[in-house]
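The first residue in the sequence is number 1, and the count goes up from there.
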Amino acid sequence: MLGNNKLKRHDKVWMEKCRTEGMKRFVKFVDDLLDILESSNYSSPSPPSRDYKEELQVVQLKMKEERERGKMKDEVIKQLHSDKLQLQQQVAHLKELQKLQVEKEENKDSQTTEDGNCPLPPTDGFPQCEGKLKWMKEMWKTDPCYGSYGVNGSLCSIIIYLSEIESWCPVLPGRSSSSAQAEKSEEESDQAVVRTSLEGLYPSLKNRVQFRWIHQRIQSMDEIWVEAGRSLSAKYNLTERKAKHILVHPGALTNESGFRIADRAFSGGPLGELVQWSDLISTLHILGHHLHFSASIPDLNNFLGINKEGCPSRQSKPNTKLIYTDIIGLRQFQKVLQKSWIKYKCMMRLLDSFGTEPDFNHAVWAQKQKLKNPYGGFSLTPAQFYTMFPHTPDNTFLGFVVQHQMSSEFTEQLRSTERRNQALVYGKRGLFWEGKEAYLDIIHKHLEIHGTVENRTKIPSYVKNHGIVNGTEVQTLLRQSKVFVGLSFPYEGPAPLEALANGCAFLNPRLHPPLSSLNSEFFKGKPNIREVTSQNPYVEAIGEPYVWTVDMFNETEVEKALTAILNQSIEPYLPYEFTCEGMLQRLSVLIEKQDFCSSAGRWPPLSALQVVKAEPGVSCKQTCQRVGRICEPAFFPQLNSVKDLAEHGVDCQTSEVSNSSLVFPAYNGTKHCLFQSDPLLFSCVRSNQSLIRICPCRDYIKDQIALCKACV
């Protein structure tokens with residue numbers, strides 16, 4: 001077909017050439033005619049003189065006729081000159097038209113060939129590519145940036161721009177793009193090698209005030225991280241990994257956030273987020289990845305290559321594979337990139353202390369159910385939210401490291417520290433102590449009470465207050481104490497685990513009723529309705545003899561717990577998942593296996609799946625816990641059809657697909673099965689009184705709940 005079209009166009013060009021040649025021959029004929037006319041005389045030779053009157057009259061008449069003919073000849077010559085000029089102009093115009101026509105046909109051939117040579121490569125991992133191609137085909141003239149990068153409306157120019165400048169589409173096969181080649185070469189050759197030092201990390205941190213506390217914590221744990229890397233390398237093969245370019249952008253630490261978390265870190269401010277960021281950064285560096293830091297919106301603009309004109313930067317940017325940020329940081333991405341933030345969506349990992357449940361995450365569902373709040377509605381895959389504790393199986397457990405190990409010299413000093421008959425109170429701010437006098441009085445009857453609270457605070461006179469102290473001093477106080485006393489706030493902080501790691505029991509206040517975003521000002525606006533049953537539900541599950549959960553307003557309960565604690569001796573205990581080595585193991589696997597940009601591969605492996613039917617009104621989270629498993633949302637798609645359920649003993653009589661609930665797949669008493677039509681609404685934590693949920697459970701490594709036994 002393409003050959004026929006070319007032949008027709010060539011016939012058309014040949015006809016134009018023939019027409020031009022004919023015009024040229026006609027002009028030559030006119031030139032020859034003018035030469036003949038202009039070379040002849042305008043009058044005949046004079047006749048011989050005679051005296052005859054009659055002959056003279058005849059001659060005069062003939063001369064008159066000759067003059068008339070000469071006049072006519074002049075007119076003809078004048079007209080021929082005019083016609084010649086017009087013909088010459090027409091010939092020149094036809095030549096120009098012919099040239100333009102040839103160029104046009106050649107351009108058509110070139111564009112057809114170019115488009116024919118630009119079949120769209122497989123777009124796996126580029127979910128927005130086809131939509132961007134359609135948009136650009138129509139709209140490329142609306143922004144001069146596109147033209148400046150060579151976009152001319154052809155398919156090839158558009159694909160080249162979308163693959164090499166903005167990275168929406170895969171690079172065309174055979175393209176000699178230096179940046180793409182460099183990235184490919186780097187990916188093929190750059191192995192991730194476990195590092196034996198953190199020195200290379202410090203220059204990126206020490207000059208940024210936002211990272212000052214983080215820098216200090218990482219330096220204080222330098223030896224521990226390096227030793228943990230060596231230990232993990234000795235146990236597992238970590239050599240078959242690729243080093244990735246990773247952007248770290250803690251939005252809550254930026255000046256633009258207004259939270260002043262970094263400023264307040266040295267004066268009793270909350271440290272939970274800073275601890276988690278410190279340990280994440282240390283982990284990524286030890287694992288051998290390339291880190292890029294952003295601590296402000298200008299930093300973010302610079303990294304993303306956003307220039308003043310709004311055009312993408314011509315400088316080659318790192319081939320970023322992962323972005324660790326938080327909810328504030330994601331809002332900043334959206335502000336900087338506008339709609340283009342979608343390009344980075346699948347790379348995002350959001351540090352989210354308290355978790356985001358699927359119904360709050362889903363923008364349309366949240367709006368319809370009036371659940372919309374400032375921290376939800378991003379429509380990410382729920383597992384992209386990384387939590388402080390493993391409290392929400394729909395999210396991913398990132399965790400942190402409990403600083404129980406110090407330098408070898410300080411460790412020896414701690415071991416020689418003698419346990420005293422004292423209690424250390426968990427609370428740096430006076431506000432936490434208010435209304436707790438009766439509770440503290442009970443404890444004071446048995447133990448000397450110490451505190452690390454800001455000095456301006458009014459606290460009971462019997463408390464020995466050390467003021468705001470550093471981490472090593474806290475370790476010493478915990479080693480000296482028999483009990484670490486919770487005051488019910490702050491919720492879900494790291495300190496109770498530090499106490500257990502130092503052999504100090506934790507008195508954990510029960511919250512009655514449990515607190516959630518439905519009944520608590522503190523949790524109001526959080527994108528979940530998870531119930532917090534005590535000051536620290538994670539350690540509550542560890543239980544006695546390490547953790548004693550009590551009603552702090554019930555004197556009998558408190559007395560009973562204190563008596564048991566004083567009559568026992570416990571060894572330091574820390575779950576593996578909160579050690580440096582445990583975090584290195586967990587992140588190493590997550591970085592390699594957890595992929596939200598591609599549908600290729602399945603993780604966790606399907607061999608870890610155990611299907612369990614829930615009782616009506618019971619969630620999959622609870623159901624899996626009852627059989628010693630954890631709910632794994634990644635397995636929901638493998639249970640979402642009539643055929644799938646039949647393989648697990650459920651014979652559906654009727655069925656439907658719907659997005660009207662978060663409890664699907666499920667069935668009712670008549671074996672009417674309901675399946676989920678929207679993958680973002682799969683949820684482990686919801687239940688329905690009239691439906692039996694089909695739950696995807698999996699096993700896990702002891703003290704490493706994020707990983708199944710076949711995951712390492």
Reported [atom1]-to-[atom2] distance for the pair [X] and [Y], which is rounded to 0.5 angstrom:
{"X": "Tyr426", "Y": "Trp433", "atom1": "OH", "atom2": "CH2", "answer": "13.5 Å"}
{"X": "Lys560", "Y": "Asn554", "atom1": "NZ", "atom2": "CG", "answer": "10.5 Å"}
{"X": "Phe303", "Y": "Ser294", "atom1": "CZ", "atom2": "OG", "answer": "8.5 Å"}

Lys/Arg N to Asp/Glu carboxylate O, [X] vs [Y], below 4.0 Å:
{"X": "Glu357", "Y": "Lys526", "value": "no"}
{"X": "Lys621", "Y": "Asp394", "value": "no"}
{"X": "Arg530", "Y": "Glu492", "value": "yes"}
{"X": "Asp699", "Y": "Arg629", "value": "no"}

Going by the ring-ring contact (aromatic ring centres under 6.0 Å, His included) test, which pairs reach into residues 548-574, not counting sequence neighbours?
Tyr546-Tyr573
Disulfide bond (SG atoms under 2.5 Å apart) partners for Cys504, two or more places apart
none
Quick test of your reading: applying salt bridge (Lys or Arg N to Asp or Glu O under 4.0 Å), list the pairs with at least one residue in [range], sequence neighbours left out, ordered by first then second residue.
{"range": "residues 260-278", "answer": "Arg260-Asp263"}
{"range": "residues 424-442", "answer": "none"}
{"range": "residues 573-592", "answer": "Lys235-Glu581, Lys244-Glu592"}

Donor-acceptor check, side chain of [X] to backbone of [Y], threshold 3.5 angstrom: yes or no?
{"X": "Gln384", "Y": "Thr381", "result": "yes"}
{"X": "Asn528", "Y": "Gly355", "result": "yes"}
{"X": "Gln568", "Y": "Pro545", "result": "yes"}
{"X": "Asp352", "Y": "Thr356", "result": "yes"}
{"X": "Thr579", "Y": "Pro575", "result": "no"}

Decide side-chain hydrogen bond (donor to acceptor under 3.5 Å, both in side chains) for Gln475 and Asn502; before the verdict, give the C-alpha distance in whole Å, the side-chain angles of both, and the deciding distance to 0.1 Å.
CA-CA 7 Å; Gln475 299 282 322; Asn502 283 285; 3.1 Å; yes
Residue pairs passing the side chain to side chain donor-acceptor pair (under 3.5 Å) test where at least one lies in residues 503-519, sequence neighbours excluded:
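Found Asn508-Ser534, Asn508-Thr549, Arg510-Glu557.
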Could you pull out the closest heavy-atom pair between Arg217 and Ser220, with the gap in Å?
O-OG, 2.7 Å
SG-SG distance between Cys684 and Cys620 under 2.5 Å?
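The sulfur gammas are not closer than 2.5 Å, so no.
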